[in-house]
Structures are given as structure tokens and as C-alpha cells.
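To start, the structure under review is shown below, and the notes come after it.
Fair warning: this is a prediction, and the values are worked out from it, not measured in the lab. Sequence lines set the chain letters: A, B, ... in the order given, protein chains first and strands last, and positions in each chain run from 1.
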2 protein chains.
Amino acid sequence: MATLRDVARLAGVSVTTASRVLNGTDRDHPVSDVARAAVSEAAATLGYRRSAAARALKNGHSHLIGVISADILDPYFAEMTRGIEIAAAQAGYVTVVANANRDPFQERSRFQALREHGAAGIIFCGSDIEGAPGTAELAREVNRALKEGTPVISLAPRSFASTTIVVDNEATAYDITVHLLTQGHEDIAFVGGLPGLAAAEMRIAGYRRAMYEHGKLPRVTGHHGMNQVTGHAATEALLAEPSIPDALICTNDESAIGALAAIWHAGLRIPDDIAIAGIGGTDTGRVFDLTSIELPLGELGRLAVECIVNPAAGVPSPPGYSIREGRTT
Amino acid sequence: MATLRDVARLAGVSVTTASRVLNGTDRDHPVSDVARAAVSEAAATLGYRRSAAARALKNGHSHLIGVISADILDPYFAEMTRGIEIAAAQAGYVTVVANANRDPFQERSRFQALREHGAAGIIFCGSDIEGAPGTAELAREVNRALKEGTPVISLAPRSFASTTIVVDNEATAYDITVHLLTQGHEDIAFVGGLPGLAAAEMRIAGYRRAMYEHGKLPRVTGHHGMNQVTGHAATEALLAEPSIPDALICTNDESAIGALAAIWHAGLRIPDDIAIAGIGGTDTGRVFDLTSIELPLGELGRLAVECIVNPAAGVPSPPGYSIREGRTT
DNA sequence: TTGTAGGCGTTATCAG
DNA sequence: CTGATAACGCCTACAA
């Protein structure tokens, strides 16, 4: 690999000058046109590429943004990640993605790896499970990072302290529930979630509040998963019960798609026999024209990157959401 | 941040000894138990974290594996990426993900960024479009990397030279087509693809070959997209035509899901009115019990990592595939 | 078994 | 406008 030294030598200037040209630092440290030209040409002929490692060593941090995702396969998080990646690339950063399965130990080891690599900031996608083993250790690690000046952003409710950019989970579920209630649905079941998972529990709380306020009895089922497979299974079980609900509110779009598949497989009509609504607003939901709470997933990612790249700007307030009325309700 | 020097000082040993303990290099360079203990303790109390930047600078490459994905939202590529991430983490590498939209210019700039960061290897997920502008520049860049010893792996047919691990796209489409044909379907249409996109064109070729061999007329539609939305649109258009086929083979599972949604929306029955098959074997397909060619996506990712982490082992032969018979045919 | 010293490629500082 | 030089944190010959 050609180094800055090589370029400087070939251009007949000092490494300092070469560095200034190649970094556009020639604002404050002017460089003659002839020198600039020589450096550019030398760099081109040598195929010079700067070393991120050396710069990171010098500057104390790299242009890396770390993402710790609960599940990179879940479109909900994938859309966030995509938003992060796009914004990061625009700002000249590259995105490091880690899969952590909501396991605090995995999260911590990935977090440490990211820190070792001098990440400029680390973003958590996905909330945590109350009291899960390893939570305290992770919190300690996050705390240290914060203390040392590395921004940590959470795009979901988390039990450790960090910059948080989230939409109000309780409110989303409340709103969608009220929406179905005013459409005339009476027996609305909630499908999906994970015991202790903050975001899911908040959604259930919102659902419950809406139901109580309208004098209906809440009914939470399939509280053991957040993906298509678990949504499918939970709905199948539900359909086998003596009384089936006339509408389903699912903890997220993925569960809703699973529910939709199950209802379709059972030969029932949507929404005539059972209506379905999700929370998320992912593309998959859109193709099935799923009624859902549309969350600005990519935008959340973009905002997180903003916080890292330009910390001075302060914490942005989370963007709003809206109800997308599809033909599943 | 505590440095190796600090740890050594606190432990009362030299940096060399500290380094040896902290890297497990004390195999070839034995360290006394007391020194080892002192170093470990010092590291712990100081909260020592090694600097990936410094190591990368010293070693000439970092423990980063780059992934350039056509679309990180597409489960097909996301499953590959997940496989890569898991294998990489196991080997002590972190995964850098870049989204490139099948645009050679974007691919090139991401590729360069990855190289600047000293990636140990770079993996391409998704094939390329014949003659797309920028292809030559990207090829040149890839060539340089190869020449300088950076492994480049392609998990899809690509026009530049690189280590390639792909299943036979032509054969997969041929097989699934024959499968439907022997089930008695006569008028089978092919849905989806992108003009010039290598993987898609190969699948179409396989479909054509099977149809010709069975004396049927091929019919390719919706040749302008590979995702759920385009699959949905193409199928809607198809259903509006005077004669509708009795089966659909979709270029990938995503298109197939889109097709399924369209047929469902149209009120037709699957497979009675129209059968559907995909190619991919992603989880979403599984939930809808889609008949599909099951590709070992995660495994492909794992193999790519293998190539990078352990180049001496040589290029693995691509794993096989199988037909998954669902209830959509 | 332990330590010393040089250098990886960059950039900031300071001196022309 | 230009350049010499000193770090940044780590690894590893080489020496003891």
C-alpha cells in the first residue's frame, strides 16, 4: 500500500503538505496550486488510500457507527438499520452491525468489540427484558462509555441510561385499539409480546387502557414471541378456542403478518370474520395492506446518527406516528 | 482510556509482558504466574480495553469483515448477512454492513471505505446488472484489492473476478419449474426479475429450458423488480389479462409473497385457482407455507467468512439446495 | 522468564 | 505558504 509518505515523496513535497491537500485542510493552511496538483496526481498514480487505522489511532476514535440490533432479520429493525446506514454513509461513516438476540451478555460483548474499534457512537435497536441476567453488567459498560464521551443512543426503551429516541409505545397501542373500537369491533384480542420486554409491555398497557376505558375485557394471547412464526402459532391457537375474537391487535407488524397467514390458512375472511392491525408500518405490512401504526423507522435511525455525528445539536424530539388504514380492518 | 502502558505500570511489569498476558501469547513466551495475575488484575481495575486501531495499524489489517449488500431489507440478503455476522463474531471479527442498491458507483465507494478501514475481507451479496455504468471502475478496484491480498467473496454471480460461492441459479429455476410441470400445471408464468441482473436472468433461463423441454410456451412478466411490491404489482397486472396462468414461478420469495398478496386480494384461491412457487427459502415464505427452492442462505454467509478467516482452507464448494413443498402448489 | 526499542501511517504543533 | 517532528497504542525482533 502506498502511504502518505510515498505520495509526498513522488509529489516532491512534505507529508504535511500532502496531508493537507488530501484532507481538504487547505482552508486554514493554504497550499499552492502547483503543490496541490502535484499531490493529487501523485496520489492518483500511486492509488493512494488513507489508513483509517492510523487516523483512528491519532484521533482517538474512528468513523464507525455501531448498531446493536435485537434481530437484523426483523424488518422493523432492518428499516432502522437501513436509515442509519444511509445517514451514516452520507456523513462519511461506516456502519457496523451486530446481532444480539436481546441477550444482555451478547449485547455487552458486541458493545465492547464496538468500543475497541473506536466507534464514534453506538445505537441500540430493540428494547430489553426486565431483570434479564447480564443487564447490570451491560448497564455498567454503557455507563463507562457515556462517561468517556462515547454517545450511546437507544431507539427503544432500555433500562440503562442513554440518549433515547422513541415513540410512545403505550400511546400507539392505545390509539390503534381505540381506532378498532370505534369501528365497532367488540372482542379485540392482543397477540404477541415477550414477558418483561419493555416495548411490548407498554403496548399491552396501552391496549388494556383503551379496552377498559370502553368497558371491554382485554385478552392477551401468544405472549411469547414477536415474529411471524410466533404470530402464526398464537393465532392458530386462538382460532381453536371456543370463542374467537372479531379483531386482533398484534404487538408488531411481523406478528400481524403471521396472524394473517394463519387466518388465511384457516379459510376465514379478513376483515369480515376477523380484522387485524399491527404496529410498525413496515413494507411487508404495506404489501398486505395491513392496518397499522406507521412508525418512522428509517427516520429514527437518521436521528440517531445525527446525535452521534453532531452531538452539539442536542437530542431531537422523536417524530410522530400515524394510523395507516388498510383493508385488514 | 487506560493503555497497555498503564496496565504494565500498575502491574509492575513491562508492556511486553502485559501484552503477552493480554493476548494469550504466553504460549511461546512464557510468563510467570505472579506476573500474569498482576497483569490481569491491573487490566481489570483499570478497565483496560485494547485499541483495535493500534493493532490494525501494526498488523496492517483489522478484524473487520465488510458486507456489501444489494438491499439489507431483503430477507434473502438479510439471512446471508445474519449468517456472516454470527460466523464472524465467533471468529472474533465484527461485521460492517453497507447498502449499495445494486449501483456500481455506490458499491465502489463502499468498497473503498471498507478497504480504508483495513477490512480483512469483503463479501458481496447480490449479483450485478450487465453493462451498468460504473461496472468497470468497480472491477478495477476489486482487482486491486485481490492483488494486494484482500479476499473478495461473491455470494452471487458477478462480472468481476472474485471468489464465488453460489448455487446454480439456472438449475434451481429449472428444477422448480419441472416440479410444477409434473404436478400437472400447464400454463406457468414467470414473475419478476430485472433486465440484465445476472442471477435473475439465469433463473429465467432455467425456467425457459424446462418449459421448452416439456413443450410449453414460456411467459415472463413483471421483469422489473425483485421485491414484494413489484411482485404484487406484476401479479395484479397479470390477473387483469384475458388468460391467466394456472401457476406462477417467482424470481424470489419476496416476489412470491407479493404475488400471494395480490392473488389473495383478488379473491382467488391458492393453489386451486393459481399455484405459486418462489426461490429462496426465506422465513417469510415459510410462514405462508410457500413452495420454494430452499437455499442455504445463512450457510453461504458462514462459508464466505470461512474463506476470509482461514484463506488457506481454499474455496468451499457451494452447498446444495432442495425443494420445499408448501401448500401454495 | 523478562525487558528495550523501533516503527506501523497520520495529524497537530510549532517553527520557518 | 511549507516542512520537521512528536506523538497516538500496540506488537515484536532482539537482547539480557
Q) Does A/E137 CD have over 12 foreign heavy atoms under 6.0 Å away? A)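 It does: A/E137 CD has more than 12 such atoms within range.
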Taking only side-chain N and O atoms of [X], does any of them lie within less than 4.0 angstrom of OP1 or OP2 on [N]?
X     : N      : answer
B/S32 : C/dT1  : no
A/N59 : C/dT11 : no
B/T25 : D/dT12 : no

Q: Indicate whether any N or O donor in one side chain lies under 3.5 Å from an N or O acceptor in the other, for B/S162 and B/S154.
A: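 B/S162 vs B/S154: donor-acceptor pair found between side chains.
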Q | Exercise: do A/N99 and A/S69 side chains pair donor with acceptor under 3.5 Å | A |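 A/N99 vs A/S69: no donor-acceptor pair found between side chains.
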Q. How long is the gap from NE2 on B/H117 to CG on A/L64, to the nearest 0.5 Å?
A.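 If we round to the nearest 0.5 Å, B/H117:NE2 and A/L64:CG are 5.5 Å apart.
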Q | Distance, nearest 0.5 Å, that separates CG of A/N23 from CZ of A/R55 | A |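 Between A/N23 CG and A/R55 CZ, I get 5.0 Å after rounding to 0.5 Å.
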Atom pair distance, as rounded to whole Å: [atom1] in [X] and [atom2] in [N]:
X     : N      : atom1 : atom2 : answer
A/R20 : C/dT10 : CZ    : C1'   : 13 Å
B/L22 : D/dG9  : CG    : P     : 15 Å
B/H29 : D/dA16 : NE2   : C1'   : 14 Å
A/D6  : C/dT10 : CG    : C1'   : 13 Å
B/R9  : C/dG3  : CZ    : P     : 14 Å

Q) What heavy-atom pair brings A/A87 and A/R302 nearest, and what distance separates the two atoms? A)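 The pair with the smallest heavy-atom distance is CB-CG, 3.7 Å.
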Q | Nearest heavy-atom neighbours spanning B/A199 and B/S127 | A |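 Minimum heavy-atom contact is N-OG, 3.1 Å.
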Q: Report the end-to-end axis angle of the helix from C/dT1-D/dA16 to C/dG16-D/dC1; each axis comes from five terminal pairs, and the value is rounded to 10°.
A: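 So the angle between the two local helix axes works out to 40°.
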Q | Residues A/E107, A/R158: salt bridge by 4.0 Å N-O rule | A |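 Looking at A/R158 together with A/E107, the answer is yes, because their closest N to O distance falls below 4.0 Å.
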Q) Are the charged groups of B/R49 and A/E141 less than 4.0 angstrom apart, N to O? A)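 Here B/R49 does not pair with A/E141 in a salt bridge, since their nearest N and O are not under 4.0 Å apart.
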Would you list the protein and nucleotides 4-9 of chain C atom pairs, both N or O, that sit under 3.5 Å from each other?
| unit_1 | atom_1 | unit_2 | atom_2 | d |
| --- | --- | --- | --- | --- |
| C/dT4 | O4 | B/T16 | OG1 | 2.7 |

Q) Of A/N23 and B/V31, whose closest DNA chain C nucleotide lies nearer the 5' terminus? A)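 In this pair, the answer is B/V31.
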